[in-house]
Amino acid sequence: MRYVEPSLVAEIEFRAWTADRHLRHAAFRGLREDKPAAEVVSEEVMSETAAAPRPTVKLTHPDRLYWPDAGVTKEGLAGYYTEVWRRMAPFIVDRPLALVRCPGGIDAHCFFQKHAWDGLSKPIRQIADPKDPAAEKLLAIDGLDGLDGLIGLVQGGALEIHPWGSTLAAIEQPDLITMDLDPAEDVAWPTIIAAAEETRARLDKLGLASFVKTSGGKGLHVVVPLKPAAEWDAVKSFAKGIAEAMAGDSPDRFVAVVTKAKRHGKILVDYLRNGRGATAVAPYSTRARPGAAVSMPLAWDELASCPGPAYFTVNNALGRLAHLQNDPWAEFRQAAVPLPGAPKARKRKSG
């Protein structure tokens, strides 16, 4: 072994540190000329997750490839969720969940699931729907054994996690709104960013703070924290008002109805994520699509430099989080206010 004096600084993207301090899934991204080698020191990576509880759920077939194209296995997915648990937990704990399950990986059969299956891990709770106690029970994980519940979902092949917009403690009063900006295939990424900024501005005028995340698919989600007081119909009506106002003011850019014939060159402002039993993909959840993309929370000032809605993946997300000085959604719950009055679209002059 020969030791050398460091003189060059390289930027390495990686998924995580291993227990013996090696980089997992490392990729060379280039040399850095803006930083002297003497200033590069070992850093504590994601210290808030370092103290996270370790899961006790046993994974069978841990080497099963869930995303063959990205090389992500069942064990790799469990490792990713363990690292992001502290950030993700507030958005999935003690909420009814819907899942996209792909037990054989994304190249096999995938399906949507809201209820229990044979072999369900014990830490995953089954909850009666208070409006329909005789129906099949809802699925949830709680804060006491939440990470085990999440890893239990990984064991069951759940590659997407879609929570309700309410908690079990106030199941009829949503505590967030999700505006899903779903573009047609021919809409450019900068146009989608502009749509998110416009959504933010409209919400701000109504006294609502909003937060943005990539969907891991085609678009962006603008998410509003609420104090849980208004019920589902009022929240859905409010979200519909936002969508219809955007479509009414800019019909060449937006639509508010799910009609493919009207989607060419436009963005669907999907408000239907806000009805009772409807769901939206959770922050940090993976997507059951090629590439192992994740839904990544961003700061608003990061949005313009984000390469695209599916840029962040299981293989690069932890590298991003390790270098963040602040959690862009850290103030999410503190920003919650009660639902204001519903907006109305301006009437268009006939002529």
Side-chain angles (χ1 to χ4, degrees), residues 46 48-49 84-95 143 146 161-181 192-216 219-232 234-243 245-246 269-271 273-275 278-285 294-306 309 312 320-321 324-343:
M46 295 185 67
E48 75 271 22
T49 62
V84 301
W85 169 245
R86 292 295 192 200
R87 296 175 186 260
M88 187 179 187
F91 302 99
I92 62 171
V93 162
D94 292 326
R95 295 174 183 271
I161 301 171
H162 295 244
W164 283 31
S166 67
T167 64
L168 297 173
I171 198 169
E172 305 304 339
Q173 292 82 37
D175 67 350
L176 58 81
I177 299 170
T178 299
M179 303 301 296
D180 179 4
L181 303 177
I192 304 168
I193 292 175
E197 295 283 6
E198 178 173 335
T199 307
R200 180 195 188 190
R202 288 175 179 267
L203 293 165
D204 185 65
K205 288 181 180 179
L206 295 166
L208 294 171
S210 59
F211 297 75
V212 68
K213 66 184 180 75
T214 63
S215 68
L220 291 166
H221 292 170
V222 178
V223 187
V224 177
L226 293 177
K227 289 187 175 179
E231 298 198 349
W232 285 106
V235 172
K236 182 178 178 182
S237 177
F238 179 90
K240 181 180 180 182
I242 293 284
M246 293 175 69
V269 186
D270 187 356
Y271 64 88
R273 304 286 181 182
N274 302 288
T279 60
V281 70
Y284 305 103
S285 172
V294 304
S295 181
M296 177 60 71
L298 302 172
W300 280 106
D301 61 7
E302 292 183 287
L303 191 53
S305 61
C306 178
F312 295 105
R320 160 187 159 73
L321 297 179
L324 280 179
Q325 292 186 349
N326 299 295
D327 179 352
W329 282 33
E331 304 300 318
F332 185 88
R333 190 45 53 199
Q334 292 91 319
V337 297
L339 184 76

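This is a predicted model, so every value here is computed, not measured. Numbering of residues begins at 1 and proceeds along the displayed sequence.
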Are the side chain of [X] and the backbone of [Y] linked by a donor-acceptor contact shorter than 3.5 Å?
| X | Y | value |
| --- | --- | --- |
| Asn274 | Thr178 | yes |
| Ser295 | Thr214 | yes |
| Trp329 | Val212 | yes |

Does a side-chain heavy-atom distance below 4.5 Å link [X] with [Y]?
| X | Y | answer |
| --- | --- | --- |
| Lys213 | Met296 | no |
| Phe238 | Leu208 | yes |
| Glu197 | Leu220 | no |
| Ser210 | Thr199 | no |
| Val224 | Leu176 | no |

Could you measure the distance from the [atom1] atom of [X] to the [atom2] atom of [Y]? Nearest 0.5 Å is fine.
| X | Y | atom1 | atom2 | answer |
| --- | --- | --- | --- | --- |
| Glu302 | Leu324 | CD | CG | 6.0 Å |
| Ile171 | Asp94 | CD1 | CG | 11.0 Å |
| Met179 | Met246 | CE | CE | 7.0 Å |
| Glu198 | Ile193 | CD | CD1 | 14.5 Å |
| Arg320 | Leu298 | CZ | CG | 5.0 Å |
| Met88 | Ser285 | CE | OG | 5.0 Å |

Any chance you could lay out the side-chain contact (heavy atoms from CB on, under 4.5 Å) test for Tyr284 and Leu321, step after step, and finish with the verdict?
CA-CA 11 Å; Tyr284 305 103; Leu321 297 179; 4.1 Å; yes

